[in-house]
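Everything below concerns the one structure shown next.
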Amino acid sequence: MSSELIGLNDIDLLADTDEESKDKADVIDYKMVTFSLGGKDYGIDIMKVKEISKASKFTYVPNSIPFVKGVYNLRGDIISVIDLRLMFNLPVPENKTAVENMIILRLEDNTIGVIVDTIDKVVGINSEKIQPPHPLFGDINIKFIKGIVENKEKLYIILDVESIFDQKSAENAIQQKSYSREAMPLAEQAAEKKPESEGGVDYSFIVETLAAFSHFTVSPVNDGWVRNRFNSWSKQRTENGLNAQLQSAAEAGEFLNSFGSPYSGHFWEEDYSTAVSEIIPDVDGGTYSAWDIGCGKGEEAYSTAVCLKKKFSSKKIKLYANDSDLLNISTAPNLIFSRNSIPAMYDDWVTEGSNGWHFISDIKDLILFEYHDVTHDNQLAPVDLIVARDFLSYLSVNDQQKLIEIFYDKLKPGGILIAGSNEVVVGSGWEALNKGRVPAYKKI
Amino acid sequence: MRVEYINPFVEAAFNILKEVVDSDIKRGELYLKSTSQPVLGVAAIVGLAGDVEGRVLFDMSEVTALAIAGQMNGEELSSFDDLAKATITELANMITAQAVTKLHELGFTFDLTPPAIFTGENMEITDAGVEALIVPIELSQGRMEINVAVRER
């Protein structure tokens with residue numbers, strides 16, 4: 001009842017509206033089909049549900065994304081079937097019967113089947129009781145959640161199925177999200193921070209020569225370090241009677257020689273490995289996945305794998321290691337090294353072969369080395385940890401910004417990004433966890 | 001792309017082409033591509049399924065294709081007819097099959113689809129979400145690009 005009406009009528013009517021609003025909370029105007037996924041309760045608007053059924057023997061479709069189970073013949077109509085648990089990276093319980101519970105959804109432009117753990121019942125609620133999802137909501141990306149509602153002391157997460165399966169709106173959602181999160185793009189930030197005081201021209205010359213000789217891009221990611229280094233560098237060069245400007249690739253290398261993170265290109269010593277291990281939070285579940293970008297010949301990937309193996313001895317660990325240098329990455333799966341180049345902490349994990357020392361298969365099997373350029377698309381499922389040390393600084397400013405966005409998207413909530421020792425990850429949505437030499441960032 | 005997959009494809013292409021087409025062949029620098037890629041004129045495609053999914057594309061101009069088919073048949077071909085198409089298809093089959101055999105020995109199991117051949121002008125190919133490894137090969141008949149796009153399942 002509108003307020004205008006109340007204004008026109010007498011007091012009696014006003015009393016009526018009070019009662020009406022009380023009743024309102026009990027009026028059922030929204031029904032949803034409830035089901036469980038990974039032990040939590042979810043709901044889908046019943047208007048979107050065509051039917052529910054038990055089904056098995058889906059026809060596998062080659063070249064489809066992992067969560068697409070295949071196609072299914074529903075009384076003559078061929079529908080695609082999606083496993084919601086795989087889609088949202090939830091554990092899939094073992095199913096001995098191979099018969100799956102399937103909800104058939106009728107969406108605007110197609111019909112689709114989704115597989116869930118168990119289908120519960122139909123629950124009627126009042127749509128006003130639906131509350132917006134909290135940003136910290138765990139397992140499922142917030143843009144797919146319509147809201148959350150309580151019914152009979154159970155909390156149901158209502159999924160917005162149109163946005164999950166509608167490609168266009170999903171893309172829009174991603175774009176909108178990135179706009180709002182990144183209020184000021186890196187490129188603008190970089191432009192704003194034009195060097196002024198400290199030897200203006202010399203500094204911008206250094207920035208240009210670093211890019212030319214070493215493909216090193218000065219940006220907010222490393223600006224702080226480069227400025228400090230420039231001050232000490234020009235002081236040192238002036239004392240030695242030399243020009244502060246960089247004349248060759250060798251000099252650019254010398255300028256950057258203290259930029260690298262500890263044990264770059266070598267196996268991590270115990271102190272660093274322990275520091276990394278301490279910064280990684282414990283996670284629930286039986287698996288732990290990590291992504292190592294720019295793994296080079298593989299030392300970093302093996303160091304990370306051993307560090308994770310020690311920390312999560314009972315979990316299943318999966319490490320994806322990428323590099324876009326074909327020669328380096330080609331040697332990584334069968335990396336051979338000499339006995340004295342490897343610190344004692346790795347003793348349990350290495351063995352001597354006919355060509356030299358290498359890691360045992362317990363460690364090798366954890367790592368999947370891929371020849372991959374990270375500025376391209378990939379289908380990696382969200383991971384718990386990203387290791388990208390001294391990597392961002394060697395990309396263009398635009399790629400740096402793009403990569404930070406990709407890292408954010410590819411990390412699970414609460415996941416950790418380890419950057420180079422002298423790099424700063426800019427952008428909101430990250431919480432810096434600075435513990436000594438390991439600059440780590442947590443996705444919030 | 002998984003590192004272990006790269007070499008078998010490069011070696012197989014090199015071996016087969018050297019054997020059946022031209023003994024004087026050169027391999028170009030390998031690189032990765034992820035955007036839509038133009039196809040030169042004749043493209044033979046072989047699908048892969050099993051531990052991985054994806055496809056291998058053999059891409060060349062029609063002139064090159066004709067010269068290669070002619071060389072393999074030991075006669076001069078004047079038009080890109082059924083014989084020429086069948087020959088290029090077979091070449092694609094031989095190379096992919098040898099690569100898959102090598103991979104099988106390393107413990108990866110794949111299945112192949114029968115090759116299909118596309119001809120036409122101004123074609124391009126797009127693989128959503130998979131980057132392709134390009135193996136350029138220089139033959140005396142012309143340039144051939146082997147374009148491998150596979151990903152783990």
Side-chain angles (χ1 to χ4, degrees), chain A residues 59-70 83 86 167 170-171 174 289 291-293 295-298 301-302 318-335 361 364-381 399 402 406 409-410, chain B residues 1-11 27-37 45-57 96 100 102-103 106-116 125-136 146-153:
Chain A
T59 309
Y60 166 69
V61 180
N63 250 334
S64 53
I65 8 187
F67 55 76
V68 176
K69 201 87 180 165
D83 193 326
L86 293 179
Q167 200 54 41
E171 275 166 20
I174 289 171
S289 56
W291 185 21
D292 180 15
I293 295 143
C295 65
K297 291 192 171 70
Y302 287 112
K318 192 77 225 171
L319 176 65
Y320 302 92
N322 298 157
D323 203 288
S324 60
D325 183 323
L326 184 61
L327 272 181
N328 280 344
I329 189 94
S330 299
T331 57
N334 297 306
L335 186 68
S361 53
K364 280 187 183 175
D365 291 348
L366 306 179
I367 313 172
L368 176 65
F369 287 103
E370 287 184 296
Y371 175 43
H372 172 58
D373 183 339
V374 281
T375 55
H376 296 167
D377 288 354
N378 70 51
Q379 296 286 319
L380 200 68
D399 280 346
K402 187 172 146 194
I406 292 176
D409 266 354
K410 291 284 181 191
Chain B
M1 185 160 108
R2 191 171 173 148
V3 175
E4 286 89 338
Y5 300 154
I6 298 173
N7 248 336
F9 279 103
V10 177
E11 273 175 31
R27 200 199 75 201
E29 279 288 305
L30 311 188
Y31 60 98
L32 291 167
K33 236 176 175 182
S34 82
T35 43
S36 305
Q37 300 144 47
I45 190 165
V46 184
L48 299 174
D51 285 355
V52 297
E53 47 194 21
R55 50 96 190 133
V56 187
L57 185 85
T96 319
V100 168
K102 281 175 196 282
L103 283 164
L106 295 173
F108 302 103
T109 38
F110 291 64
D111 279 327
L112 300 186
T113 63
I125 184 161
T126 310
D127 296 86
V130 199
E131 63 187 349
L133 169 77
I134 315 283
V135 187
I146 302 172
N147 177 318
V148 189
V150 291
R151 64 162 178 242
E152 302 293 302
R153 277 203 62 207

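Residue numbering restarts at 1 for every chain, and letters A, B, ... go by the order of the sequence lines.
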Quick one: CG on A:L326 to CE on B:M1, what's the gap to the nearest 0.5 Å? 9.0 Å
For A:I329, is it the side chain, the backbone, both or neither that has a heavy atom under 4.5 Å from a heavy atom of chain B? both
Non-hydrogen atoms of chain B under 4.5 Å away: do they reach the side chain of A:Y320, the backbone, both or neither? neither
Please report the closest heavy-atom contact between B:V3 and A:Y371, naming both atoms and the distance. CG2-N, 4.0 Å
Contact class of B:E4 relative to chain A, heavy atoms under 4.5 angstrom: side chain
At a 4.5 Å cut-off on heavy atoms, which part of B:R2 comes close to chain A: side chain, backbone, both, or neither? both
Please flag which part of B:L32 lies under 4.5 Å from any non-hydrogen atom of chain A: side chain, backbone, both or neither. both
Interface check, chain A: of B:E53, B:R151, B:E131, most non-hydrogen pairs under 4.5 Å belong to B:E131
Could you measure the distance from the NE2 atom of A:H372 to the CG atom of B:L133? Nearest 0.5 Å is fine. 13.0 Å
B:K102 NZ: over 12 foreign heavy atoms closer than 6.0 Å: yes
